[in-house]
Number of protein chains: 2
Amino acid sequence: MAADEDSGDAAELDFWSFVDLAKRRLADEYGFRHQLATELLLTLNRAANIVTYDLEASVHRPRGRSWSGFRLLFVTWLAGPLEAKKAAELTGMSRAAVSNLAKTQVADGLLERMPAERDGRSVLLSLTERGRQEMVELFAEQNEREYEWATVLTEAEQRILVMLLDKLVTNRDQFDVRGRN
Amino acid sequence: MAADEDSGDAAELDFWSFVDLAKRRLADEYGFRHQLATELLLTLNRAANIVTYDLEASVHRPRGRSWSGFRLLFVTWLAGPLEAKKAAELTGMSRAAVSNLAKTQVADGLLERMPAERDGRSVLLSLTERGRQEMVELFAEQNEREYEWATVLTEAEQRILVMLLDKLVTNRDQFDVRGRN
DNA sequence: CAGAGTTAGTAAATGTATTAACTATATGAG
DNA sequence: CTCATATAGTTAATACATTTACTAACTCTG
């Protein structure tokens, strides 16, 4: 029995061999049946975390920014001016998170916030001139890094991956997915 | 020109039409060339966030737990006893994050922490009996929910998705990925 | 028109995540 | 054997994320 098949010796495990160990033990010792589902979601979570961390560490944090801050600026850059609640929908953040991030970015001079014309409850977010310039520079770097990641896969593989991820999350009517807001 | 091709009117955008708008404007107005790469990473990030949030909201938070707490218990359950640094590697968290989460879970009676035998710097993490029981119950629910997500795709599609995600993040030698620790 | 119910944004409380700084321990070169 | 360097874990500071509670504004029904 190989060393890493024995749970007493985790020293040689890496993520991939841990996933194999997890599948085996969940089925053999605990009777859980949906091994491929577990592997799928472990891998999805891991891949997204690795990529996001890399983008944040190599592009955003050196500029004193954060990944979340970038995402808010990104949707405001391309779809703005827009209501804060719409920004929350497009980024997938809660309204409170958008409110807090926007506060920081208004103070930093990258965003501006205006009362909406027809709804006294709403605010509209838009980039300042400085925010637009910053996004052009920042996204130049981000896009190159995105390209480095993506071209690990062939173009056909990239398209298939996008299609499968789309399918995974758009067929949510099949069951009651818990969403934000 | 359709309403949602005009950036002044974000009201009708959803995530998918936003991605289309983003690709178009990044190419046409700003000259950024790697549209498929942007789409890929936007979709990856979004899919992982949707799934993770749903699992946390429907399985973990009702039990007073968190997604991150679950992930630490999960690797300790299946690969433990193990060093805290190995738990950090397998979960993809920083060592500080593992230290902080473990502190809470030791206090909750789910984990225990022992000095390692041969290295005075290390601690070994393992589940308590109560922690093991909790993981069996919790994972029963988690695994059913994972299955509901996964079976949105056919089994062949699930395998392809896992394979593509694996490939995306294991071919990291091609460039200097920024990782944790 | 009044009032009940809903919605938008914000603040507060709480938990998670990071890095830097620190202490303690281990390792290896000279 | 000494000492420089590296490593493991923890703590603190800071930023991000959530939900809850609240206020203000909007909508719809009777």
Side-chain angles (χ1 to χ4, degrees), chain A residues 11 45 48-50 52-58 60-73 82-89 91-108 111 113-125 178-181, chain B residues 11 45 48-50 52-58 60-73 82-89 91-108 111 113-125 178-181:
Chain A
N45 185 261
N49 286 348
I50 288 172
T52 296
Y53 182 87
D54 172 74
L55 293 173
E56 184 168 33
S58 63
H60 301 288
R61 237 185 267 123
R63 294 168 168 270
R65 305 268 164 240
S66 66
W67 173 243
S68 295
F70 164 75
R71 289 165 63 223
L72 178 57
L73 293 174
L82 77 178
E83 295 181 330
K85 72 165 257 182
K86 182 56 64 175
E89 282 178 36
T91 55
M93 298 179 193
S94 64
R95 287 179 285 117
V98 170
S99 179
N100 282 328
L101 278 168
K103 177 195 293 181
T104 303
Q105 288 167 331
V106 169
D108 287 347
L111 268 187
R113 181 156 51 188
M114 293 176 288
E117 282 190 22
R118 294 195 190 81
D119 188 336
R121 300 170 295 180
S122 285
V123 299
L124 286 183
L125 302 175
R178 299 291 301 275
R180 289 178 170 83
N181 304 319
Chain B
N45 184 260
N49 286 348
I50 288 170
T52 296
Y53 182 87
D54 172 74
L55 294 172
E56 185 168 32
S58 64
H60 302 287
R61 237 185 267 125
R63 293 168 169 270
R65 305 271 164 234
S66 68
W67 172 245
S68 294
F70 164 75
R71 287 165 65 222
L72 178 58
L73 292 175
L82 77 177
E83 295 181 327
K85 73 166 255 181
K86 181 57 64 174
E89 281 176 39
T91 54
M93 298 178 193
S94 64
R95 287 179 284 119
V98 168
S99 179
N100 283 326
L101 279 168
K103 178 195 294 182
T104 303
Q105 288 167 330
V106 168
D108 288 345
L111 267 190
R113 181 159 49 192
M114 294 175 287
E117 282 190 21
R118 294 196 190 80
D119 188 336
R121 298 169 298 179
S122 286
V123 298
L124 285 182
L125 302 175
R178 298 293 300 276
R180 287 174 172 86
N181 305 319

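Naming: A, B, ... by sequence-line order, numbering from 1 per chain.
Applying the side-chain contact (heavy atoms from CB on, under 4.5 Å) criterion to B:R121, with sequence neighbours excluded, gives B:D119. With sequence neighbours left out, the side-chain contact (heavy atoms from CB on, under 4.5 Å) criterion links B:A84 to B:V98, B:V123, B:L125. A:N49 is linked by a side-chain hydrogen bond (donor to acceptor under 3.5 Å, both in side chains) to A:N45, counting only residues two or more places apart in sequence or in another chain. For A:Q105, there are no side-chain hydrogen bond (donor to acceptor under 3.5 Å, both in side chains) partners, not counting sequence neighbours. Judged as a side-chain contact (heavy atoms from CB on, under 4.5 Å), and not counting sequence neighbours, A:S99 has no contacts.
With rounding to whole Å, B:R118 atom CZ is found 16 Å from D:dA8 atom P. Spacing between atom CD of B:E117 and atom P of C:dT25 amounts to 17 Å, rounded to whole angstrom units. Look at CG on B:N49: it is 11 Å from C1' on D:dA17, rounded to the nearest Å. Across the protein-nucleic acid pair, B:M93 atom CE and C:dG15 atom P stand 16 Å apart, rounded to whole Å. Atom CZ of A:R61 is separated from atom P of D:dC16 by 11 Å (rounded to the nearest Å). Atom CD of A:E56 is separated from atom P of D:dC16 by 9 Å (rounded to the nearest Å). As rounded to whole Å, 3 Å separates atom P of D:dT19 from atom OH of B:Y53. Distance A:Q105 CD to D:dA15 P: 13 Å, rounded to the nearest Å.
Annotation: side chain of B:L82 is not in contact with side chain of B:E89 (no heavy-atom distance under 4.5 Å). Contact of the A:L72 side chain with the A:L111 side chain is registered, since non-hydrogen atoms from C-beta on lie closer than 4.5 Å.
Look at A:S94 and you won't find any side-chain N or O under 4.0 angstrom from OP1 or OP2 of D:dA17. Contact annotation: B:S66 does not reach the phosphate of C:dG15 (side-chain N/O to OP1 or OP2, under 4.0 Å). Distances shown here put every side-chain N or O of B:T104 at or beyond 4.0 Å from the OP1 or OP2 atom of C:dG15.
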_Per-nucleotide protein contact string for nucleotides 4-14 of chain C, where B marks a base within reach and S marks sugar-phosphate only (heavy atoms under 4.0 Å, - for neither)_ = ---BBBBB---
